[in-house]
Amino acid sequence: MHNSSLPAFIKFSIVTIFVLAPVAAISQSQPLPQGIFTDHQDVGTVLHPGTAVYDTATRSYTISGSGENMWFGIDDFHFAWKKVSGDVALTADIAFLGTGGNPHRKAVLMIRQTLDGPSPSVDVAVHGVGLTSLQYRDTTGANTREVESNISGPKTVRIEKRGDYFYAFVSGNDGKLHPAGASTKLALTGDFYIGIGVCSHDKDVVEKAVFSNVVLDQLPPASGKHVLVSSLETISIASTDRHVEYTTAAHFEAPNWSRDGKFLIFNQDGTLRRLALDGSQPTIIPTSPQIQCNNDHGISPDGRFLALSDSSSDDHKSRVYVVPITGGTPRLITPNAPSYWHGWSPDGKTLAFTGQRGGPIEVAPTPGSNVGPQHLDTTNFDIYSVPVSGGAETRLTTAPGLDDGPEYSPDGAYIYFNSERTGQMQIWRMKPDGSDQEEVTFDDSNDWFPHISPDGQSMVFIAYEKGVKGHPPDKDVELRLMSLKDKKVRVLAKLFGGQGTINVPSWSPDGTKLAFVSYEQLPEETLALK
């Protein structure tokens, strides 16, 4: 049959098909990969279509991808994927092909809600320079955040989804997978996409990476036995990018940042430990006979001494001591117990601490009132100060309920603390003599442990959800930053933590970073991965 004999509208349809078919083929790129993934495509906006090729002999995938970035509010990359649900894990060895290119080209293991560029997503990304991080976008179009691993260029990486929690794993020098110390919480609904992808980080370039030994697991319910993993992290105040400095399957708490910025101090198993920021392992600071140190410790303004709280005495109650920062025999500061250190005055002469003292006190009546002197039970915790040289302690708060976490401002004008006197834990401040006590935060969360930046302009604190009582461990919490000038608050990080996360001062001396501890409760079988 000849076209000349067809009606005009049929001629138009045939011509349209003839013209559009090649365009559709270009956007579809290479044939679908075989193996465990069911489809592949470019996500976001790319100038050069990507490809996905499966090698049946080596059971490996070669992914090519363009794209300007996988960051901010949108991802531009090539993605081979499978639609799944439930708890899953994806493991692979990753190697880039070719040298050079943008140092931040990325090869990723990814889980995302949709195939749209701005979709909520979590991925483990290996960059061209070896940087490996957990990246996540928690809502559609939100800026991407990351937690950087302290392992560069691992051969093998893994991403796990268990409920709403996502965990990253990297291989170490022993070739085995270990928790990277990077995790986040993100709620996905229904089915979602899991797969592998490449972004060139340069819209005009195509990069390739090989994914081998790719394993997709549907995870069974955990055995019920869990192992606690602690990670000491630092966070940039400006970018909110996080970096894991040290992680281990053990319980440690409460980092202090040294005055010269070269090391961190934290407590573990009753000891204080020093971690140099050079990738080395922590070392124990000798404090015997005080070998039951808790998470309330800190460094003197001149960097020469360390205040610690320890319960090695016969009554097992915490007391405050001072010891040279390199270690030695601690000197007792607070004979009365329990006492928990929290602050050091800028002139180095006074310590602020939380103490629980028994017995009633008399509170003078309010002028003009018909109420006589009141006798209050003081078995609750309050704020005290004491000379570093030793001597009598001074009580600074008398309000009913718990007052805790006292810390001096850098100029010595105030002591900031948290108090539940209003029925909800909030941040307060007062003059160093206890006068002029005033509330600083007024929100629905329970706010703990204020820490003032070295320039005195900002305050960081940890926020629990409204219904949480006390400061327990194993909770979803936020690190929040308040400008003390205009009282505006922003969230620095969301994490699984609480008790032990940020109990004590942990600003870097230049005020650009903060140190804290996050935690993971991982199934025992996960830590047995090879």
Side-chain angles (χ1 to χ4, degrees), residues 71-73 104 131 133-138 142-150 181-185 231-247 253-266 275 277 298-299 301 303 342-343 346 405 407-411 414 416 418 427 429 440-441 443 445 447-464 476-498 500-518:
W71 198 248
F72 296 118
H104 290 290
L131 171 67
S133 60
L134 181 80
Q135 301 183 159
Y136 57 94
R137 181 183 299 113
D138 52 13
N143 278 344
T144 300
R145 296 192 176 192
E146 73 173 345
V147 185
E148 299 172 350
S149 168
N150 61 349
S183 60
T184 191
K185 185 179 183 182
S231 298
L232 201 165
E233 299 187 46
T234 56
I235 185 170
S236 166
I237 300 301
S239 68
T240 69
D241 290 345
R242 294 157 57 179
H243 181 78
V244 175
E245 304 291 346
Y246 173 67
T247 186
E253 303 175 300
N256 305 124
W257 209 308
S258 68
R259 300 300 183 188
D260 61 8
K262 295 181 178 180
F263 62 90
L264 296 159
I265 291 175
F266 60 91
L275 178 72
L277 295 175
I299 302 171
H342 277 278
E407 182 175 316
Y408 288 88
S409 59
D411 60 5
Y414 293 98
Y416 286 78
N418 50 277
I427 307 301
R429 72 177 184 180
V440 177
T441 61
D443 52 40
S445 56
D447 303 335
W448 286 77
F449 302 133
H451 304 308
I452 312 303
S453 61
D455 63 6
Q457 299 301 303
S458 301
M459 175 183 72
V460 70
F461 58 95
I462 187 169
Y464 287 88
D476 294 317
V477 296
E478 294 182 350
L479 295 184
R480 297 180 183 172
L481 185 76
M482 170 183 278
S483 166
L484 294 177
K485 182 178 180 179
D486 58 18
K487 301 300 188 292
K488 291 183 178 179
V489 177
R490 66 184 176 101
V491 176
L492 285 180
K494 298 178 182 181
L495 59 126
F496 188 71
T501 288
I502 193 170
N503 296 55
V504 290
S506 56
W507 281 88
S508 64
D510 62 6
T512 63
K513 295 182 179 181
L514 192 78
F516 63 95
V517 178
S518 63

Treating Thr144 as the side-chain partner and Phe72 as the backbone partner, does any N or O pair qualify as donor plus acceptor under 3.5 Å?
yes
NZ (Lys487) with more than 12 external heavy atoms under 6.0 Å
yes
Do Ile237 and Thr512 have side chains that approach each other closer than 4.5 Å (heavy atoms only, starting at C-beta)?
no
Could you tell me which non-hydrogen atom of Pro346 sits nearest to which non-hydrogen atom of Ser409, and how far apart they are?
CG-O, 3.4 Å
Can you see which heavy atom on Leu492 is nearest to which on Ile235, and at what distance?
O-CD1, 3.4 Å
Between atom OG of Ser453 and atom CG of Asp510, what is the distance when rounded to the nearest 0.5 Å?
11.0 Å
Here's a test for you: under side-chain hydrogen bond (donor to acceptor under 3.5 Å, both in side chains), which of Glu146, His243, Arg242 qualifies with Ser133?
Glu146
Closest approach of Asn150 and Glu245, non-hydrogen atoms and distance?
ND2-O, 3.4 Å
If you define the side chain from C-beta out and look only at heavy atoms, does anything of Arg480 sit under 4.5 Å from Ser445?
yes
Working to the nearest 0.5 Å, report the span between CZ of Phe516 and OG1 of Thr501.
8.0 Å
Val517 to Leu495 - nearest heavy-atom pair and separation
O-CD1, 3.9 Å
Compare every heavy atom of Ser231 with every heavy atom of Gly181, then report the nearest pair and how far apart it is.
CA-OG, 3.0 Å
Do Ser183 and Val147 come close enough that some side-chain heavy atom pair is under 4.5 Å?
no
Taking the inter-plane angle between the rings of Phe449 and His342 on a 0 to 90° scale, is it parallel (under 30°), tilted (30 to 60°) or perpendicular (over 60°)?
parallel
With a 4.5 Å heavy-atom cut-off, do Phe263 and Leu275 have their side chains touching?
no
Value rounded to 0.5 Å, distance of OG in Ser506 from CG in Leu264
8.5 Å
Evaluate the side-chain proximity of Phe266 to Tyr246: yes if any heavy-atom separation is below 4.5 Å, no if none is.
yes
Hey, what do you get for NE2 (His451) to CD1 (Ile427), rounding to the nearest 0.5 Å?
9.0 Å
Measure the shortest side-chain to side-chain distance between Leu484 and Ile452 over non-hydrogen atoms and say whether it is less than 4.5 angstrom.
yes
Distance check, rounded to the nearest 0.5 Å: Asp476 atom CG versus Lys185 atom NZ?
4.0 Å
Before you tell me yes or no, could you show the steps for Thr184 and Arg145 under side-chain hydrogen bond (donor to acceptor under 3.5 Å, both in side chains), namely the whole-Å CA-CA distance, both residues' side-chain angles and the distance that decides it to 0.1 Å?
CA-CA 10 Å; Thr184 191; Arg145 296 192 176 192; over 6 Å; no
Does Trp257 reach the side chain of Leu277, with side-chain heavy atoms less than 4.5 Å apart?
yes
Roughly how far, to the nearest 0.5 Å, is CD of Gln457 from CE of Met482?
13.5 Å
On a heavy-atom basis, the closest approach of Asp447 and Ala463 is OD1-CB, 3.6 Å
Can you check side-chain contact (heavy atoms from CB on, under 4.5 Å) on Leu479 and Ile462, steps first, answer last?
CA-CA 5 Å; Leu479 295 184; Ile462 187 169; 4.2 Å; yes
Whether Arg429 side chain and Val440 backbone form a donor-acceptor pair below 3.5 Å:
no
Would a 4.5 Å heavy-atom cut-off, applied to side chains only, mark Leu514 and Ile502 as touching?
yes
